[in-house]
Chemist: 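Have a look at this one before I ask anything.
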Amino acid sequence: MKVKYFISLLALFILFSPQSLAQFKTKNVGIEGNKEEIQKFIKVLKSNKKVRIAHYGDSTIQGDIISEYLRQYFQEKFGGKGAGIVEAKTLNPLLRKSILLSSSNDWENASIRELTTKKFPIGIAGSVASSSDNSWVKIKSSGRFKNLDDYTNIKILYSNANSNSKVKITTDSKADEIKLENKNKISQVNYVVNKTKNVSLDFINSKNLFVYGISLETENGIHLDNFPLVGNSGVSLLNITESVLNELKEFVTYDLIILNFGINVSFPNKNGYKVYENKMVEVVNHFKKIFPDASFLLVSTGDRIKKIKSTFKSDPEVFSVLEAQKEVVAKTKIAFWNLWEMMGGENSMVSWVEHKPSLALKDYTHFNDKGGEYVAKMLFEAIMNEYNK
Amino acid sequence: MKIFRIIIFITFFLSVGLTQVKYPEYISQVNEHIEFGRFGEAIDLLHKFVSLNPRIAEGYYLRGFCYEKREVYENAVLDLRRAVNLEPSNKLYNTALQKTLRDWHQKLYHRIEGYKREIAIDKNNPFNYLEVGKSYRWLEEWKDAELWYDEYLKRDEYASPDEIIRYTEILSKTGSIKKGEIILKKYVERHPDDWRLWSRYGYFTLWLGNNSNARTAFLNALKYKPFFKEAQDGLDLAEQKGYITKYSPRSFEKVFAIDQYYKRLKKDPFDDFLRFKLVDELLKENRFEEASEQLLILAPRFADSTKYVEFLEIVEVKKDSLYQLRLEETQQEFNTEPNNKETVLKLANAKAKLLFYQEAIDLLNNYIENNPNDDAPELRYTLAQYSAWNYNWEEALEQLNFLLEKYPDNPNYQLLKGQINVWNVVDLDEAEVLLHNVIKTDNENTHALLTLSSLYSWKKNFPEAEKYLKLAEQIDPFNSDLEVAKSNYEINLIAYAEYKLKEIREEAGQLAIDGFYKEAIEKYEEYFSKISSEPDITEINQYVDACVLGEEYDKALEKLDSMIENDSLNTAYYIKRAKVYYEKKDTLAALNEFERLYQEDKSNTDVKLYLAHSNMLAKNYEVALKLFNELLTEIKDEASNLSINQNLFNAKLSVADSFVGMKEYSKAKDLYRELINETSDTSMARIIQQRIDWIPAYGFSLFANNFFNAIFPDYFSLNPYAAYYADNQNLAYYNYGGSFLLGINQYIGLGANFTKNVIDGKHLGSDFTKEYTEFKLNLIIFLSEKLKLNGTFGNFQTQFEDKKKIWSAQLTYDDETNLNILASYRRTDHRIYLYSPYNLKRNYDLDHYKLNFRYKFYQTFLLQINFDFINVYDGNKGNLFSFKFGKYINPNIVLGYHFSFSDYGRKDSYYFSPQNFEIHSLWSEWELKHEDKLKAKLTAELGYSPIVNALIRQFSAEFNYSFLKNLIFSLSLNLGNSYRYDESYDYFTSYVSLYWTF
């Protein structure tokens with residue numbers, strides 16, 4: 001009798017014990033869409049050539065979230081050091097923990113993130129920084145990612161230098177003043193050092209110089225550029241003009257372009273998904289035209305939550321965004337990785353926030369560092385699955 | 001179906017029963033509500049009563065009465081008029097109507113006065129004119145109503161179609177038909193989908209005799225709303241069809257199903273069943289956009305229901321085909337009139353309906369380019385909207401900026417610009433101003449209210465965000481954007497608390513990075529006190545690191561102990577705690593803890609490395625070496641791992657250090673050199689080179705060192721010097737000589753010095769001049785870098801006197817910047833200390849005790865105390881006391897007060913031996929230069945001695961100049977003066993020396 005009584009109690013306990021709304025159940029998700037697309041990238045990876053990845057995204061990747069770990073995994077496996085392209089002046093540099101970036105306050109910045117009417121030539125990072133007479137940038141090692149230290153090449157992508165413009169580059173082991181070329185098109189400084197963890201750039205007589213990015217890299221290996229377009233749906237990438245991209249292409253060319261957008265796609269109108277879809281198709285085609293040899297990988301929106309009365313549920317718009325993104329993939333024949341599905345699908349963001357330790361912020365939209373690490377690991381594994389086939 | 005029929009039957013049966021049986025109960029219930037002031041409930045009951053008993057006047061009367069009590073005069077008058085119509089002779093009803101009209105009109109006149117006052121204050125606000133116009137309309141004073149509406153329309157170019165409909169009612173009463181036709185023409189062009197405007201336009205053109213235009217207008221109205229009775233009647237009139245009228249006394253009350261449903265849903269927005277019926281009706285009437293809006297409201301609850309999906313499909317399919325058709329029609333119109341603004345706009349609208357925004361944008365841009373002189377505000381506004389819908393924010397803003405420059409008060413332009421700014425989270429301050437302007441003119445604009453709510457959410461002003469959210473909800477609880485705004489607000493609110501905590505954590509981290517450890521620790525503690533859960537290991541590590549760097553080891557240990565108490569299985573906390581022990585130099589605890597952890601998990605190289613380091617700390621070099629060597633092998637296996645590589649480097653460095661500890665210098669040197677070759681870090685290479693330099697001599701070099709040390713001193717110094725003293729009493733004293741010092745080793749120096757002293761008082765006669773020589777051996781012991789003991793012993797000799805022994809001992813502490821202490825004793829001849837020409841033949845010894853203290857503190861203050869005690873063997877004693885306290889007014893200049901006091905046992909006529917002699921001075925030191933090459937200091941003093949009533953002045957200068965690194969030239973000059981009304985004493989001293997070390 002006692003056993004029966006105990007079993008009944010146990011059953012009742014199991015039935016009615018409080019459970020979290022969402023269980024943390026992620027899923028191994030492979031590369032979908034046009035898998036042949038990713039093979040171009042895999043081929044380059046296997047060739048041991050120098051490889052470059054552009055990771056474009058919205059605030060999901062702000063502060064090098066996801067990118068920092070993805071870069072680490074790639075560099076650990078395929079070599080290469082350095083943080084890749086870094087903006088001279090960036091929105092809230094403190095958010096980035098992988099490197100410590102500080103710049104003088106006299107930089108003027110234009111970005112496709114903002115609704116600027118300044119007609120600056122927007123560069124590959126979706127921004128450009130215009131210097132004053134003596135602007136400076138300091139990039140220090142944060143010590144968090146060893147793969148970001150000991151880089152050997154400091155490259156500066158710039159234009160609009162005047163005849164006296166110079167840059168003083170100070171690294172851990174040496175310092176030099178380098179004259180900037182006074183050309184009508186984009187140029188590059190490639191400063192080679194033995195190894196360095198820190199670098200300071202002092203721009204001298206460089207008023208109105210356009211700096212498109214500072215790349216910290218090595219001669220070989222793999223490099224990943226983190227390009228967060230905060231508050232953007234990805235559509236604004238069309239504002240990086242073909243002419244600028246073509247000039248930059250002389251110095252920076254990509255083997256893989258990751259498009260990681262979706263959380264800002266919800267307005268302005270109800271039928272916007274179709275518009276969004278068409279626009280993103282234009283974006284992919286715009287970049288394909290410039291980088292025909294690159295692979296394109298669209299990473300879907302993650303789950304985002306809407307609070308309806310007292311419950312947290314997946315925002316219904318997430319489904320519309322996902323559909324639109326799948327359409328983009330189908331129309332442009334690029335590769336696709338379903339982040340939403342990997343997270344666990346519907347309502348999964350709740351479990352990411354409630355996970356111990358937490359993997360996402362309480363805005364139920366953005367990953368934190370740990371969440372970013374998890375996403376990067378899963379994405380890296382998905383790509384490696386294709387690599388190992 | 002059967003059940004459905006039964007329900008209908010029962011409903012019908014019951015309703016008939018109600019009509020016939022429950023009339024007295026209804027009225028009795030209504031009266032009861034009225035008695036208790038529950039007019040809302042009474043009105044609800046009366047709605048049902050009136051619908052069941054439309055020809056009973058009492059229902060209207062009672063409802064009118066309730067409306068009047070609630071001051072809804074418009075409805076009250078309507079109901080009372082209905083009651084009077086049904087029973088014209090009823091005195092009660094007539095009186096009630098008259099009273100209500102009187103009260104209402106009185107209020108309306110007051111209202112008019114109020115708005116006229118507002119107009120006197122602000123002539124440009126169209127809203128005030130509109131309110132006056134409306135009031136006159138209610139007063140049925142049509143002429144005035146027309147006048148004020150005219151004024152209103154002059155000031156609001158974008159009046160709503162509703163207002164235009166009301167205005168045309170007034171115009172129809174005043175007979176201003178042409179005027180009405182003109183404004184309606186403009187408005188049907190602006191709102192081509194509004195069937196009410198088309199119908200009104202039809203009537204006005206009909207009244208002007210233009211049947212053809214009227215016909216087109218009515219047909220247009222019916223295209224958008226088929227079976228619209230007013231338009232149907234108008235069309236019949238325009239087509240001059242035979243018109244059969246039938247008696248329909250309440251035809252004015254006839255309401256179409258759609259209108260009725262809308263009305264009912266306004267009262268009960270949660271009636272989803274009715275909303276579905278409304279969708280059904282709307283679809284029947286091809287009003288797809290409205291149907292689509294209703295489906296959006298139903299979506300959250302019915303998105304999966306079959307009916308919803310079915311309706312949605314119909315809407316999508318029909319909408320597209322209708323829009324396609326419309327596009328084809330407008331395209332044809334455009335082909336014939338490509339530069340007609342209205343046609344362009346129509347075609348752009350048709351394209352936009354099908355989401356061809358880019359084509360619509362191109363079309364509108366094309367018009368603007370071809371017609372540069374046409375401002376085309378409506379077209380530009382449409383272009384701004386489509387650009388925004390198409391994500392072309394900059395183009396949208398370009399148009400809006402153009403429009404706002406020309407029409408700065410237009411609320412539509414302000415709203416769209418405000419929305420774009422908020423959507424993109426830019427220029428929120430500008431958006432705030434714009435959106436507030438919008439709600440000033442239309443406080444029920446839900447778009448503006450919701451955008452303001454989002455704006456304040458971005459600005460983290462949550463009370464304001466909530467305020468505007470609630471306002472929007474009150475006005476339109478089923479606005480499809482409301483739910484999104486509410487969710488955003490609530491999630492932002494939750495996230496904000498987290499952001500604030502994150503900010504504190506980031507601030508703590510930044511403080512630690514900047515080296516403000518104490519402040520960083522406080523911030524971390526604030527963070528820990530505010531988070532709801534336990535901090536994670538990373539946060540604990542960061543806090544502990546800050547504590548370690550700030551040398552607050554106990555705090556770090558306390559935190560780790562509490563974490564271990566809560567999570568005793570987490571090894572990471574134990575490892576961190578052991579590391580804190582290590583940093584704290586608690587060797588025993590570190591050693592025990594790492595040993596225990598190592599025994600638990602021998603594969604943990606980090607623990608093993610620390611165990612090795614702890615052994616080093618405990619000077620267990622052999623154990624440390626063994627562990628390091630093991631680590632070298634273990635770590636080499638994983639050489640590709642960057643962090644292990646760093647450990648490998650550190651391990652090698654530690655092995656080299658332990659070699660030093662074990663005095664195996666050769667091995668240590670080899671390993672250090674290997675490490676220099678390995679490292680790319682130049683600062684690390686320098687550190688390692690320094691360690692090589694620190695290795696003591698060993699092997700042959702040790703032998704050679706010892707040999708040479710035995711023969712050669714560490715250093716040798718030569719120091720010639722000279723001093724001169726003269727006063728205005730014809731005394732001159734000077735000396736000159738030299739010293740040398742041999743550094744036996746770094747601690748001991750041996751030397752000798754020779755000084756010739758001359759006291760010259762020649763003017764007093766030859767007896768007043770004398771020469772003395774001093775020869776002393778000198779021993780210096782350097783007790784530490786800052787502490788030095790110096791002893792001398794020698795002879796003092798002068799002509800015609802016996803040699804005498806003199807000696808001295810001196811202890812000095814000098815940290816070069818902040819603290820100098822000197823304590824000394826010397827035995828010498830008293831004539832060397834008490835200069836006086838009258839003293840020369842008196843041969844007495846003198847003991848001189850001296851204590852000097854000079855301390856610079858807080859980098860701001862200087863305290864200097866000197867005390868001298870003199871014991872003259874002629875029986876006299878004296879003491880001199882000096883106290884200086886000054887403040888640095890800048891890093892190089894100190895200014896302060898100087899008190900000096902001297903007192904001798906007796907006043908001796910042979911030498912200066914004052915009693916109770918004190919001076920109070922203002923004193924300053926100025927360090928002109930403090931460089932390796934040149935040091936220069938000026939001192940000035942101005943004082944007063946009350947005993948002798950004399951002013952004292954003194955000035956001195958000191959210079960040190962290094963010709964070479966080891967050759968220093970020193971010069972000091974001192975000029976003093978005391979002045980009293982009847983005499984003055986002046987003196988001058990100088991000292992020069994050369995110090996040469998090699």
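Only heavy atoms go into these numbers, but all of them, side chains included; no hydrogens, no water, no symmetry mates. Just so we're on the same page: letters track the sequence lines, and every chain starts at 1.
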Chemist: So for A:Thr196, is it side chain, backbone, both, or neither that comes closer than 4.5 Å to the heavy atoms of chain B?
Modeler: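 A:Thr196 has no heavy atom closer than 4.5 Å to chain B.
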
Chemist: So which part of A:Lys306 gets closer than 4.5 Å to some heavy atom of chain B, the side chain, the backbone, both or neither?
Modeler: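 Both parts, heavy atoms under 4.5 Å.
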
Chemist: What part of B:Gln510 lies closer than 4.5 angstrom to a heavy atom of chain A: side chain, backbone, both or neither?
Modeler: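 For B:Gln510, the side chain is the part near chain A, not the backbone.
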
Chemist: For the side chain of A:Asn264 and the backbone of A:Asn232, is there at least one donor-acceptor N/O pair under 3.5 Å apart?
Modeler: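 Yes, A:Asn264 side chain to A:Asn232 backbone: donor-acceptor pair under 3.5 Å.
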
Chemist: Is the count of non-hydrogen atoms from other residues, nucleotides or ligands lying under 6.0 Å from B:His447 atom NE2 greater than 12?
Modeler: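 Result for NE2/B:His447: open.
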
Chemist: Without hydrogens or angle criteria, can the side chains of B:Asp362 and B:Gln358 be said to hold a donor-acceptor pair below 3.5 Å?
Modeler: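 B:Asp362 vs B:Gln358: donor-acceptor pair found between side chains.
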
Chemist: With only heavy atoms counted, which part of B:Lys486 is less than 4.5 Å from chain A, the side chain, the backbone, both or neither?
Modeler: neither

Chemist: So is A:Lys174 actually on top of A:Tyr191's ring, under 6.0 Å and inside 45° of the axis?
Modeler: yes

